[in-house]
Amino acid sequence: MALYDKVMELSKRRGFLWPSFEIYGGTSGFITYGPYGVILKHNIENLWRDFFIYKQENFIEIETPIIMPSAVFEASGHLEHFTDPIIACLKCEKRYRADHLIEELTGVNVEGLSISEMNEIVKEKDLKCPDCKGALGEVELFNLMFKTNIGAYKGDVGYARPEAAQGMFVEFKRIFNIMREKLPLGIAQIGKTLRNEISPRKGVTRLREFTIMEVEVILDPEEINNCPGFEKYKNTSISLLTASLQQKGEPPVNITIEQAVEERLLDNKWLAYFLAVSKSFVKTLGVAEDKIRFREQLPHEKAHYSKQTIDLQVYLDGQGWTEIAGHAYRTDWDLSRHIKFSGVDMRVFKKTEAPLTVKKLVLKPNKATIGPDFQKDAGKIIGELNKMDPVEVKNKLDSQGFIEVAGRRLTSKHIEFEEYEEVVKGKKFIPHVIEPSYGADRLVYTALEHAYTEKEGRVILKLPVKLAPIQVMVYPLVERDGLPEISNQIYMELLEKGFRVEHDVSGSIGRRYARADEIGVPLGVTVDYQTLEDKTVTVRDRDSWSQRRIFISELADILKQFFEEKISFDQIGYPVNKIE
RNA sequence: GCGGCCGUGGUCUAGUCUGGUCUAGGACGUUGGCCUUCCAAGCCAACUACCCGAGUUCAAAUCCCGGCGGCCGCACCA
């Protein structure tokens, strides 16, 4: 059995995750997390919060709706770019992008044309399938966003978000204010996202509903290379597959992020910084360094908003290098679009170091002359004049002696200018955005696959201590002579003290150890006959199967240190034979 | 969406070609009991399955058709 199949078999059998709706035959692209899967996923999310929110300066987390009104996606560009017009050959059933096909076959620029207009061109020019010369069907729109109605009125169209990011952009103004108007500001979100994938496959790697973990780092484009964390990570070496290396068919290079920025392989230091943070995070999930690499998206692959995108890929059995995160430089695309579409000014004010004095020109329509001269048109003319740039108007008047406004000729007697000095204390700008974006479900699978090991025909899930769904399993050696009563007391105590702990009394002790190994429980605590004599128990290590003894009274404190990774297993209690 | 292969208890599978002793077998698992002094021990008992729907037939897990799902390839994947 392939590793992938083994991991999925274990996941189903022991309750990490499985395909949803199985009793109704299943629907691809949806998964259900079971008892251990839920905890594993939460642990991964929390570890991500540590790396990408809590250990970053001025980074915070929010939660926004999954359904958003269509206006948001009009502004974000998803309605336009997430929708592909598709046309299929009726004979060979090959599918094409309708716009690309029409442009290719006719040379006509179809940008902005409606579906019916494209259909007309296909009919008029009698276009055929370039492959088999068969007749073509109707142009259809395929949008990867799930569409729905908000409320009872058909006109209120909403879409399920295909990324969490728009929630952060839409709320930027208020959050920026709450965070006392400091940049850089990191706004993070973990939440469900939906994409109506055409053919989801490969278990969890392409889902229709999945959890995304994103941070939008909002910063001043002039400060994009002023990244405080960069210094600490600048010597972090990464395996980087640039776009040009891919085009030449060459393998990735190993390079420090500092060099990569210097050689302009990475656009800026903030982007580079997150690559290093990401690498460190993914290693913490138990992925070996040689199974992590960074791949730059090729120009045609990049999203409509991206200046540069670097994917983080991990090596997975059966499907090779798989994208689990993207790092995109979204520039000011999103904020400027939302400013334009909503009419709300979300620009940020920045003080200049020393106030500047600039000369300003103000245009004043002379109503006393415009009124009599243009009568009915006067109001319109004045309105238009007020929208015009005073400097430009003055230049035109000076050079040609008149200016045309609303189809009428105005001369210098109609317009007065006033010049005054203004003290400029700063300027307004649209911030830029750097975005690390993770797929949580792929991380769960990645952690499972990289933890999966076999030993003597048994499965051991060597999950990092921080990820293990259950931390401690408590056992009586045998189910009699008062041992279960003592183990139950220990179990209750550990439960009370906040450990994720289970108590297993059924079956032989070996069988119970095996069960615990399968779900990756790092430590086992066994009450045996020696416990009755000296109040010690054994502690068993999942990975080495070795044991140490410890007094029950010290157990909780020592385990706490172990799970905080302050001590290793060998520092727990005493060697088995040292206590007499 | 197309093509190929496939779908049997919680898991892995025998059986399907060649319809009928299949009232569906095995292994693992789980539960209860007995036993048990450290790595899936043993014994007893219990539990749970032919993906869904139509069809052919005296008779369908088995043959045919459709649907759903899985794997592989193509297409798709800002």
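Chain identifiers are assigned alphabetically (A, B, ...) following the order of the sequence lines, protein sequences preceding nucleic acid strands; residue numbering begins at 1 within each chain. None of the values given here were measured: they were computed from a predicted structure.
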Is the shortest side-chain N to carboxylate O distance from A:Lys455 to A:Asp517 below 4.0 Å?
no

Does this structure show an ion pair linking A:Glu454 with A:Lys6, if we count only N-O contacts that are shorter than 4.0 Å?
yes

Not counting sequence neighbours, which residues clear salt bridge (Lys or Arg N to Asp or Glu O under 4.0 Å) with A:Glu493? List them please.
A:Lys497

[X] side chain: which of [options] is closest?
X	options	value
A:Ala303	B:A78, B:C76, B:G69	B:A78
A:His304	B:G69, B:A78, B:U11	B:A78
A:Tyr4	B:A40, B:A78, B:C71	B:C71
A:Trp545	B:A78, B:U11, B:C39	B:C39
A:Glu163	B:C77, B:C12, B:A78	B:A78

Say you pick atom [atom1] in [N] and the same atom in [M]; how far apart are they, in whole Å?
N	M	atom1	result
B:C34	B:C52	C1'	44 Å
B:U36	B:C43	C1'	12 Å
B:G67	B:G73	P	24 Å
B:U62	B:C71	P	24 Å
B:C44	B:A49	P	23 Å
B:C77	B:U18	C1'	45 Å
B:A60	B:U23	C1'	16 Å
B:C50	B:G4	P	28 Å

Under a 3.5 Å threshold, yes or no: a donor from one side chain and an acceptor from the other, between [X] and [Y]?
X	Y	result
A:Asp541	A:Gln547	no
A:Lys41	A:Thr211	yes
A:Thr538	A:Arg549	no

Of A:Asp504, A:Val501, A:Val527, the residue whose pairing with A:Tyr491 passes side-chain contact (heavy atoms from CB on, under 4.5 Å):
A:Val501

A:Asn196 and its side-chain contact (heavy atoms from CB on, under 4.5 Å) partner, picked from A:Arg208, A:Glu209, A:Met145
A:Arg208

A:Thr27 side chain near B:C68 phosphate (N/O to OP1/OP2, under 4.0 Å):
no

It should be established whether A:Arg511 places a side-chain nitrogen or oxygen under 4.0 Å from OP1 or OP2 of nucleotide B:A41.
yes

Rounded off to whole Å, could you give me the [atom1]-to-[atom2] distance for the [X] and [N] pair?
X	N	atom1	atom2	result
A:Glu301	B:A78	CD	P	8 Å
A:Met8	B:C71	CE	C1'	13 Å
A:Arg458	B:C12	CZ	C1'	19 Å
A:Leu10	B:C12	CG	P	11 Å
A:Asp504	B:A40	CG	P	14 Å
A:Arg515	B:U30	CZ	C1'	9 Å
A:Leu144	B:A78	CG	P	8 Å
A:Tyr475	B:U37	OH	P	19 Å

What does [X] touch in the nucleic acid at a heavy-atom separation under 4.0 angstrom: a base, only the sugar-phosphate, or nothing?
X	result
A:Glu518	base
A:Arg540	base
A:Glu456	nothing

Do A:Arg548's NZ or CZ and the ring of A:Tyr574 fall within the cation-pi criteria of under 6.0 Å and 45°?
no

Evaluate the side chain to side chain donor-acceptor pair (under 3.5 Å) criterion for residues A:Ser278 and A:Tyr438: first the C-alpha distance (whole Å), next the side-chain angles of each, then the deciding distance (0.1 Å), finally the verdict.
CA-CA 10 Å; A:Ser278 281; A:Tyr438 273 84; 2.7 Å; yes

Evaluate whether the aromatic ring of A:Tyr529 and the six-membered ring of the B:U37 base sit under 5.5 Å apart, centre to centre, with an inclination under 30°.
yes

Protein N or O to nucleotides 44-51 of chain B N or O, pairs below 3.5 Å:
none

A:Tyr329-A:His432 aromatic ring centre distance below 6.0 Å:
yes

Could you spell out the base pairing of RNA chain B in dot-bracket, with Watson-Crick or G-U pairs whose two distances are under 3.5 Å, [ ] crossing and | to another strand?
(((((((..((((......[....))))((((((.......))))))...(((.(..]....).))))))))))....

Where do N or O atoms of nucleotides 34-36 of chain B meet protein N or O atoms at under 3.5 Å, pair by pair?
from: B:U36; atom 1: OP2; to: A:Arg480; atom 2: NH1; distance (Å): 2.5
from: B:U36; atom 1: O4; to: A:Glu479; atom 2: N; distance (Å): 3.3

Can a donor-acceptor pair under 3.5 Å be found between the side-chain atoms of A:Tyr513 and the base atoms of B:C38?
yes

Side chains of [X] and [Y], heavy atoms from C-beta outward: is any pair under 4.5 Å?
X	Y	answer
A:Phe563	A:Leu523	yes
A:Ser306	A:Gln297	no
A:Phe499	A:Leu559	yes

Evaluate the criterion salt bridge (Lys or Arg N to Asp or Glu O under 4.0 Å) for residue pair A:Arg14 and A:Glu9; output intermediate values, then yes/no.
CA-CA 8 Å; A:Arg14 295 310 308 272; A:Glu9 187 271 323; over 6 Å; no

Which pairs with one or both residues in residues 157-170 of chain A pass salt bridge (charged side-chain N to carboxylate O under 4.0 Å, His left out), sequence neighbours excluded?
A:Glu163-A:Arg330

Quick check on contacts: within residues 186-195 of chain A, what sits under 4.0 Å from RNA chain B by heavy-atom distance?
A:Arg195

Map A:Pro200 and A:Arg512 onto RNA chain B by nearest heavy atom, then report which one ends up closer to the 5' terminus.
A:Arg512

Upstream residue (5' side of RNA chain B) when A:Thr538 and A:Lys12 are each assigned their closest nucleotide
A:Lys12

Can you label the angle between the A:Phe16 ring and the A:Tyr36 ring as parallel, tilted or perpendicular, going by 30° and 60°?
tilted

